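Atoms considered below: every heavy atom in the structure, side chains included; atoms not considered: hydrogens, waters and symmetry mates. As the structure is a computational prediction, the values presented were derived from the model and not from experiment.
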Amino acid sequence: MNTFNQIIRGILFFFLALFGMAMALLFMASTAIAVAILYVVARIKGRPFGVKAYWEERRKPSTPKNMFKNKDITDVEMREIP
């Protein structure tokens, strides 16, 4: 009976491993499709596609540079925490 249980466990482990590999393959395929779509969209818009271009675009501030003329803080409200 112990040998039978080990065979059943081995078969179950084998199918679980196959299922895990299939899920990993599905994840890799969907990621590849998503990257391909992003590449095509970037090429259509005329922007470079890559990590360096992405980080350069993200580092640019979205607000105007001289939002405040005087950068010194002159008015501060303080509260005492009991």
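Atoms CD1 and OH, from Ile44 and Tyr39 in turn, are 11.5 Å apart once rounded to the nearest 0.5 Å. Atom CD1 of Ile8 is separated from atom OG1 of Thr3 by 12.0 Å, given to the nearest 0.5 angstrom.
Residues Met21 and Phe14 are members of one and the same hydrophobic cluster, defined by side-chain heavy-atom contacts under 4.5 angstrom among Ile, Leu, Val, Met, Phe, Trp and Tyr. Hydrophobic cluster membership differs between Val40 and Ile37, with clusters built from Ile, Leu, Val, Met, Phe, Trp and Tyr side chains linked at under 4.5 angstrom. Note: the hydrophobic cluster containing Phe15 also contains Ile7 (ILVMFWY, side chain heavy atoms under 4.5 Å, direct or indirect links).
Pairing each heavy atom of Leu38 with each of Phe49, the nearest pair is CB-CE1, 3.7 Å.
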